[in-house]
Amino acid sequence: MGWKETLGMWLGLEMKLQAPAKGALPFVSAGNDGRAVSSDWSTEKAINEGMKASTWVYTACRKVSTALASVTLIVEKRKGDEWEPDPKHPLQALLDRPNPYMSRQDMHERWVLHLMLGGNAIWHKVLVGGKPVEVWPLLPDQIKPIPSRAGFVSGYEWKQGSDKQTLPPEQVLHWQFADPSTPYWGLSPLRAAAAAVDTDLAAVRWNRATLANDGRPPMAVFLSESLDAGQQELAARFIHGQIDGGNVRKALILGGASKVQPLALNATEMDWLQGRRFSREEIGAVFGVPPVLMVAGEGVTFANLDAAKRILWEDTVVPLLDDLCQGLSMGLLPHWGAEGTHRIKADLSGVTALQENLKERADAAKILVEAGFPINAVNQRLALGFGPVAGGDQPRAPTPAPGAAPPAATKSRPRPPPRYQRKDKGEDDVAARLARMDKWTLELKKKVAEVLFEQGSSVASAYAAGKPWETALNMDDWQALLEAAHLAIIESEGAVAYTALLGSITAAGGGGVFDVLADGVQEWISEHVGENIKYIDETSKLALQAEIAAGVDAGESTKDIAKRLKAVHEDWTGWRAERIARTETASAFSAAHQQSASQIADEFELELVKTWKATGDSRTRDQHAAMDGETVALDEAFSNGLMQPGEPNCRCVVIYQPAE
């Protein structure tokens with residue numbers, strides 16, 4: 001039997017038993033063949049002495065179980081290379097209502113709790129006509145697999161009081177947290193955390209007894225020397241019987257006692273709170289729940305709380321959902337013969353914690369849709385989680401740059417060769433181009449400032465909490481913004497440049513269309529954005545490290561240094577946001593004109609040249625001013641090594657025209 005068949009049988013697939021392949025070694029010894037596995041771990045005891053007794057265990061289990069149970073499972077059908085929901089499949093109704101008395105949420109919560117507390121989750125499938133009509137959760141203590149040398153698992157032995165049955169494998173779904181010592185029964189996370197739970201419960205009991213006596217032992221009693229040995233022993237037993245927390249603030253009156261002295265506990269004896277924190281962190285680590293989510297304390301901020309929620313979902317809940325869906329798919333789909341055509345998938349589109357940077361992605365979506373991309377394709381590409389929009393598969397007309405006239409109407413390809421006619425003016429008026437650049441720069445600056453401001457808050461919160469602040473400088477924020485911005489700018493400006501250049505060299509004027517999806521455009525965006533976000537990230541880190549060093553040298557507190565870091569970002573929302581926006585806009589404009597010229601040269605088999613035009617004001621670099629009027633071939637670099645303007649804050653442009 002192959003591993004897929006073995007696993008399928010283990011999870012309860014309805015299939016015929018087969019003998020292992022020749023030479024395969026059995027999983028079970030001859031002495032245990034046909035005997036139900038035994039376990040020294042009790043799920044019932046784990047519930048009573050773990051979840052019901054420990055606040056940390058209860059909190060961790062509830063965080064995971066309620067999170068997982070909030071997700072809807074959907075049946076999807078394969079359609080070519082894509083998957084689409086199949087709500088009419090009978091399995092969807094079973095997933096939504098597993099049995100007449102339990103909802104989907106109740107079943108999934110119990111599934112998680114049984115796994116975490118007992119290491120195993122087992123469901124019973126009620127089959128009618130070979131198809132499951134109901135599924136029920138079984139207590140792991142009441143059912144055990146029966147190993148088989150011939151077929152891995154021959155059945156499941158169920159016991160409840162005097163009742164006893166053997167269920168065939170096809171009626172059982174079994175999930176487990178793998179125990180390396182056996183493939184038949186799972187290992188409970190609570191078992192690994194048992195020592196931490198016992199320590200925490202002992203600390204709670206000790207503290208309760210201590211607080212019941214005003215936070216200290218009630219007294220020290222010095223017995224009179226006049227008491228003989230028998231009287232002293234009798235007095236000691238009497239006093240010990242009273243000092244048990246049940247007689248708080250009641251005075252002891254002992255005949256013959258000469259002195260009573262209250263005692264206080266030292267700081268070490270009272271330091272139980274720190275011990276409970278250690279227990280919380282250890283228990284949280286075992287269950288995969290960040291400690292921040294288990295208690296609200298002084299170290300909790302919105303930033304680290306959001307990060308902790310994402311960690312919980314990404315590292316714990318989503319993998320558990322994958323396990324649940326794979327087990328359900330393998331154990332239920334074969335009853336309908338739908339293993340290859342259907343799958344069970346968790347719908348994560350509504351999970352807020354996983355919608356990281358949703359606002360930024362929504363802004364990027366707006367730019368892409370305005371650039372002419374179909375809204376449904378943008379929704380799927382950016383994983384916004386919305387359903388398909390009617391008519392959303394058709395692209396919209398690109399929105400021109402702020403203040404720019406719409407590109408001239410174009411004719412469809414193929415087209416006849418144009419009649420060339422050299423004109424005195426370049427392919428585009430330089431002043432008009434600079435005006436469009438300024439308007440795009442203003443729009444992009446707003447977006448850049450938002451990213452800088454939000455990252456400043458995240459950096460400050462992380463530093464104040466003692467967390468790695470560097471990770472708050474999320475490069476994904478920059479990549480989403482710059483990719484969308486470059487794509488929109490090149491789409492809009494490329495159309496203007498294409499029409500203007502073609503109109504300047506043909507007698508008829510126009511006649512073409514700029515292709516923003518061409519390989520050259522997409523490759524330039526990918527390479528340029530990757531280089532620039534790396535530069536932005538490195539620049540930010542160097543500047544912030546300098547601020548931290550200055551704060552440390554000045555003897556500032558962690559809180560004051562965090563404020564310093566946030567202030568730096570707030571300052572960046574002005575001058576640095578404008579510099580980044582101007583640099584990226586100028587680069588995109590240059591790329592749009594270069595790519596449009598390349599497309600025209602290829603399509604019409606033209607030899608083009610390009611001429612560097614410096615802005616010519618007081619802010620122009622001396623090197624760029626000296627290059628004014630420099631002309632090179634279309635595919636050659638200028639004397640400064642650049643194919644087109646693109647240095648920080650550069651406002652130079654390039655004019656394209658046919659070679660002499």
Side-chain angles (χ1 to χ4, degrees), residues 3-4 6-13 26-29 32 35-51 57 60-65 68-69 107-125 135-148 151-160 166-167 169-197 283-289 315-332:
W3 70 270
K4 289 185 178 179
T6 299
L7 183 60
M9 180 62 70
W10 184 20
L11 292 172
L13 268 71
F27 280 95
V28 62
S29 65
N32 291 325
R35 299 174 58 183
V37 300
S38 60
S39 174
D40 57 355
W41 181 259
S42 168
T43 303
E44 182 179 0
K45 185 177 180 180
I47 295 172
N48 293 330
E49 299 182 8
M51 186 175 181
V57 174
C61 289
R62 287 293 295 169
K63 287 291 182 182
V64 179
S65 62
L68 183 142
M107 284 286 290
H108 293 177
E109 283 188 6
R110 293 177 184 274
W111 181 83
V112 175
L113 295 175
H114 283 173
L115 270 178
M116 288 189 154
L117 298 171
N120 298 269
I122 302 178
W123 289 1
H124 177 219
K125 295 183 287 184
V135 288
W136 293 83
L138 299 177
L139 293 176
D141 289 348
Q142 296 178 352
I143 188 166
K144 295 293 185 293
I146 303 174
S148 170
F152 191 70
V153 173
S154 61
Y156 283 80
E157 183 180 273
W158 175 81
K159 290 182 180 180
Q160 188 181 71
T166 299
L167 302 177
E170 60 268 19
Q171 293 184 12
V172 176
L173 290 168
H174 182 189
W175 295 265
Q176 62 175 276
F177 284 143
D179 183 344
S181 65
T182 174
Y184 292 101
W185 203 240
L187 174 64
S188 167
L190 183 59
R191 187 168 190 172
V197 174
I283 293 170
V286 170
F287 285 110
V289 179
D315 293 353
T316 303
V317 179
V318 172
L320 281 175
L321 281 168
D322 289 341
D323 288 347
L324 175 62
C325 291
Q326 289 186 37
L328 290 173
S329 296
M330 296 182 67
L332 297 178

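Small disclaimer: the values here were computed from a predicted structure and weren't measured. Quick note: numbers below take in every heavy atom, side chains included, and nothing from hydrogens, waters or symmetry partners.
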Sequence neighbours excluded, every pair satisfying salt bridge (charged side-chain N to carboxylate O under 4.0 Å, His left out) that has a member inside residues 136-147: none
Once you round to the nearest 0.5 Å, how far does CG of N120 lie from CG of L187? 9.5 Å
Identify the heavy atoms of S154 and P169 that sit nearest to each other, and give their distance. O-CD, 3.5 Å
Please work out whether the ring planes of Y184 and F152 are parallel, tilted or perpendicular, with thresholds of 30° and 60°. parallel
Just jot down the side-chain hydrogen bond (donor to acceptor under 3.5 Å, both in side chains) partners of T316, sequence neighbours excluded, or say none. none
What residues, two or more places apart in sequence or in another chain, satisfy side chain to side chain contact (heavy atoms under 4.5 Å, CB included) together with I47? T43, K52, L117
Just by distance, do the side chain of K125 and the backbone of E170 share a donor-acceptor pair under 3.5 Å? yes
Measure across V286 and A192 and return the closest heavy-atom pair with its distance rounded to 0.1 Å. CG1-CB, 4.5 Å
From CZ (R62) to CE (M116), nearest 0.5 Å: 12.0 Å
With a 4.5 Å heavy-atom cut-off, do H174 and Y156 have their side chains touching? yes
Classify the angle between the aromatic ring planes of H108 and W123 as parallel (below 30°), tilted (30 to 60°) or perpendicular (above 60°). parallel
So salt bridge (charged side-chain N to carboxylate O under 4.0 Å, His left out) across residues 318-332, not counting sequence neighbours, yields none
Euclidean distance, S65 OG relative to L115 CG, rounded to 0.5 Å: 11.5 Å
Determine the minimum heavy-atom distance between W175 and G327, stating which atoms define it. NE1-CA, 3.5 Å
Sequence neighbours excluded, every pair satisfying salt bridge (charged side-chain N to carboxylate O under 4.0 Å, His left out) that has a member inside residues 180-191: D40-R191
Is the shortest side-chain heavy-atom distance between L173 and L332 below 4.5 Å? yes
So, using side-chain hydrogen bond (donor to acceptor under 3.5 Å, both in side chains) as the criterion, who are the partners of D179 when residues are at least two apart? S181
Which residues pass the side-chain hydrogen bond (donor to acceptor under 3.5 Å, both in side chains) test with E157, sequence neighbours left out? none
Can you list the residues that meet the side chain to side chain contact (heavy atoms under 4.5 Å, CB included) rule with H114, with sequence neighbours excluded? A121, L139, P140
When you compare the side chain of W111 with that of L68, does any pair of heavy atoms fall below 4.5 Å? yes
Answer yes or no: is there a side-chain heavy-atom contact under 4.5 Å between V172 and L138? no
